[in-house]
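I have placed the structure first, in the form of structure tokens, so that the comments after it can refer back to it.
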Amino acid sequence: MLSALLLQVFYGIRSERQLIEQLDYNLLYRWFVGLSPDDPVWDPTTFTKNRERLQNGDVFTKFTTRLLNHSQV
């Protein structure tokens with residue numbers, strides 16, 4: 001889910017609904033988030049329901065810390 005949100009930011013996709021549409025047919029996006037071509041795509045409400053949990057959890061904190069401490073950043 002975090003990878004999908006990164007795609008949304010990097011490519012300027014305006015909403016989670018549009019992101020899901022892109023994931024439905026774009027094989028590069030599917031590969032980036034770890035979905036095979038046959039896997040079903042998430043429901044757009046998945047992001048809404050899990051965003052707060054992701055932000056408050058350790059995964060988001062660890063990810064942003066590693067990103068900001070990366071040598072190229």
Side-chain angles (χ1 to χ4, degrees):
M1 189 168 125
L2 191 56
S3 300
L5 292 173
L6 283 175
L7 283 175
Q8 184 178 9
V9 171
F10 290 156
Y11 290 102
I13 301 171
R14 288 178 261 147
S15 70
E16 283 86 10
R17 203 166 291 281
Q18 287 179 343
L19 176 62
I20 295 302
E21 289 175 11
Q22 292 282 333
L23 283 171
D24 197 28
Y25 67 85
N26 191 323
L27 292 177
L28 181 61
Y29 289 1
R30 283 179 160 277
W31 170 81
F32 187 76
V33 298
L35 292 173
S36 72
D38 297 334
D39 287 341
V41 182
W42 311 295
D43 191 79
T45 59
T46 303
F47 293 100
T48 307
K49 292 178 182 176
N50 291 308
R51 177 170 292 143
E52 184 176 327
R53 193 177 83 189
L54 181 65
Q55 289 174 343
N56 293 335
D58 288 340
V59 174
F60 186 74
T61 305
K62 288 178 184 178
F63 175 78
T64 54
T65 302
R66 287 186 69 190
L67 178 67
L68 295 175
N69 290 331
H70 194 276
S71 61
Q72 294 181 350
V73 177

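Just so it is clear, the values below take in all heavy atoms, side chains as well, and ignore hydrogens, waters and symmetry mates.
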Donor-acceptor list for residues 27-34 side chains, cut-off 3.5 Å, not counting sequence neighbours:
from, atom 1, to, atom 2, distance (Å)
Arg30, NE, Leu23, O, 3.0
Arg30, NH1, Ser36, O, 2.8
Arg30, NH1, Asp39, O, 3.1
Arg30, NH2, Asp39, O, 3.1

**Study point:** Single-linkage hydrophobic cluster, 4.5 Å side-chain cutoff, Phe10 and Leu19 together
**Key:** yes
Review point. Who passes side chain to side chain contact (heavy atoms under 4.5 Å, CB included) against Glu16, sequence neighbours left out?
Key: Gln8, Phe47, Arg51
Review point. Do Trp42 and Leu2 share a hydrophobic cluster, counting only Ile, Leu, Val, Met, Phe, Trp and Tyr and linking them when any side-chain heavy atoms are less than 4.5 Å apart?
Key: yes
Check your understanding: Is Leu5 close to Val9 at the side-chain level, that is, under 4.5 Å between some pair of heavy atoms?
Key -> no
**Study point:** Residues which pass side-chain hydrogen bond (donor to acceptor under 3.5 Å, both in side chains) with Asn26, listed by chain and number, not counting sequence neighbours
**Key:** none
Check your understanding: Closest approach of Ile13 and Gln18, non-hydrogen atoms and distance?
Key -> CG2-CB, 3.6 Å
Review point. With sequence neighbours excluded, what pairs up with Thr45 under the side-chain hydrogen bond (donor to acceptor under 3.5 Å, both in side chains) test?
Key: Asp43
